[in-house]
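Each remark here refers to the structure printed beneath this line.
Being a predicted model, the structure only gives us computed values, none of them experimental. Residue numbers count from 1 along this sequence. Worth knowing before you read on, the calculation uses all heavy atoms, side chains too, and leaves out hydrogens, waters and symmetry mates.
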Amino acid sequence: MEYRWEADFTITHEYPGLLDANGFAHPHLPVLLNTDSHNIQYVKWGFLPGKVKDEAAVKDFYIKYTGGLNCKGDEAFNGKLYKQAIIGQRCIVLTPNFYENRHQAPSGKKTPIKYPFKIGQRGKTMNALAAVWNDCYIEATGEVRRVLSVVTTVANEAMAIVHNSKLRMPAYVRAEHFGLWLSPDPLTKEEVDTVIVPAENKEMSIVPIDKSFNAQKKDPNQPIIEYEYPELKEALQELHDLQA
């Protein structure tokens, strides 16, 4: 599969800082499309249906569907929005890391604090996240906007400690599944299910980072600082034990 990582870049937008960016700002992310798996292209993060009236309709859709950022892979065949895309319009998002928050309330308090974590795969500088794409026709302007949604699956034990509010995680595409996921042919639910599975706990690199990251998402050039939180000692020890 090495040729895929050595693909020629088709630069269509300024490099957005990958997933250091705020998803709700809908940046363009580097992807390999199943219709052109040799060329890295940039596609807007935030899925849309095949046709919308105008930008106001786009905004309303994003409010209703949480920005179109994530497609639950284990449920995609049960609804209309993502079904056709996961069958025939798949892609891989290339990213060194992604980020999630652990929600934990201080002792004696009810309101949780968000603790950000940087997450990747051990021994890899670039990771492949499963995603689906679509072309949306904007009636008011005639624009055809290509968009994507990152496919998620149930969290593994390690990610359940971090993303404890929703218990979800992005689905990694393993090397042996590149050909299947990037095939231009339609996939069955059984074939999709072989790809959309949680990563193993020990495969993952999970590092707590300074809470200032949550305020810096709009500026991916800000440094990401690793930080050990004393109040997360128990959770971090549990993570360490799972990944030892």
Is the shortest side-chain heavy-atom distance between [X] and [Y] below 4.5 Å?
X: V132; Y: Q89; result: no
X: V151; Y: Y82; result: no
X: L232; Y: P230; result: no
X: L187; Y: L180; result: yes
X: E203; Y: Q243; result: no
X: I224; Y: Y99; result: yes
X: P30; Y: Y42; result: yes
X: L148; Y: W45; result: yes

How far apart are the closest heavy atoms of [X] and [Y], and which atoms are they?
X: A171; Y: I196; answer: CB-CD1, 3.9 Å
X: V173; Y: F178; answer: O-CE1, 3.7 Å
X: V162; Y: I119; answer: CG1-CD1, 4.2 Å
X: E226; Y: K118; answer: OE2-NZ, 4.0 Å
X: P49; Y: F61; answer: CD-CE1, 3.5 Å
X: I86; Y: A76; answer: CD1-CB, 3.8 Å

To the nearest 0.5 angstrom, please state how far the [atom1] atom of [X] sits from the [atom2] atom of [Y].
X: C91; Y: D36; atom1: SG; atom2: CG; answer: 12.0 Å
X: K124; Y: Y172; atom1: NZ; atom2: OH; answer: 9.0 Å
X: E231; Y: I113; atom1: CD; atom2: CD1; answer: 7.0 Å
X: L94; Y: N127; atom1: CG; atom2: CG; answer: 9.5 Å
X: L182; Y: I92; atom1: CG; atom2: CD1; answer: 4.0 Å
X: I87; Y: Q84; atom1: CD1; atom2: CD; answer: 4.5 Å

| Inter- and intrachain pairs under side-chain hydrogen bond (donor to acceptor under 3.5 Å, both in side chains), touching residues 147-164, at least two apart | E100-H163, T152-R168, E157-N201
| Within residues 54-68 or reaching into it, pairs that qualify as side-chain hydrogen bond (donor to acceptor under 3.5 Å, both in side chains) - sequence neighbours excluded | E55-R145
Return the set of residues passing salt bridge (charged side-chain N to carboxylate O under 4.0 Å, His left out) with [X] (not counting sequence neighbours), or none when no residue passes.
X: D135; value: R146
X: K166; value: none
X: D193; value: K189
X: K53; value: none

| How about E143: does its CD atom have over 12 heavy atoms from other parts shown lying under 6.0 Å from it? | yes
| message | Can you confirm whether more than 12 heavy atoms, excluding those of K83, are under 6.0 Å from its NZ atom? | response | no
| query | Between N101 and N214, is any side-chain donor less than 3.5 angstrom from a side-chain acceptor? | reply | yes
So, the side chain of [X] versus the backbone of [Y]: is there a donor-acceptor pair under 3.5 Å, distance only?
X: S37; Y: N34; value: no
X: E191; Y: T188; value: yes
X: R122; Y: M204; value: yes
X: N134; Y: L48; value: yes

| field | For P184, all residues meeting side chain to side chain contact (heavy atoms under 4.5 Å, CB included), sequence neighbours excluded | value | none
| By side chain to side chain contact (heavy atoms under 4.5 Å, CB included) - contacts of T111 (at least two apart) | none
| remark: Residues passing the side-chain hydrogen bond (donor to acceptor under 3.5 Å, both in side chains) test with K51, sequence neighbours excluded, are none
| field | With sequence neighbours excluded, residues passing side-chain hydrogen bond (donor to acceptor under 3.5 Å, both in side chains) with Q237 | value | D241
| field | Pair K233 + E238: basic N to acidic O under 4.0 Å | value | no
| request: Quick one: which residue pairs count as a ring-ring contact (aromatic ring centres under 6.0 Å, His included) with a foot in residues 100-133, not counting sequence neighbours? | output: Y115-Y229
| task | Linking directly or through intermediates, with side-chain heavy atoms under 4.5 Å: list the remaining ILVMFWY members grouped with V144, chain and number order. | result | Y137
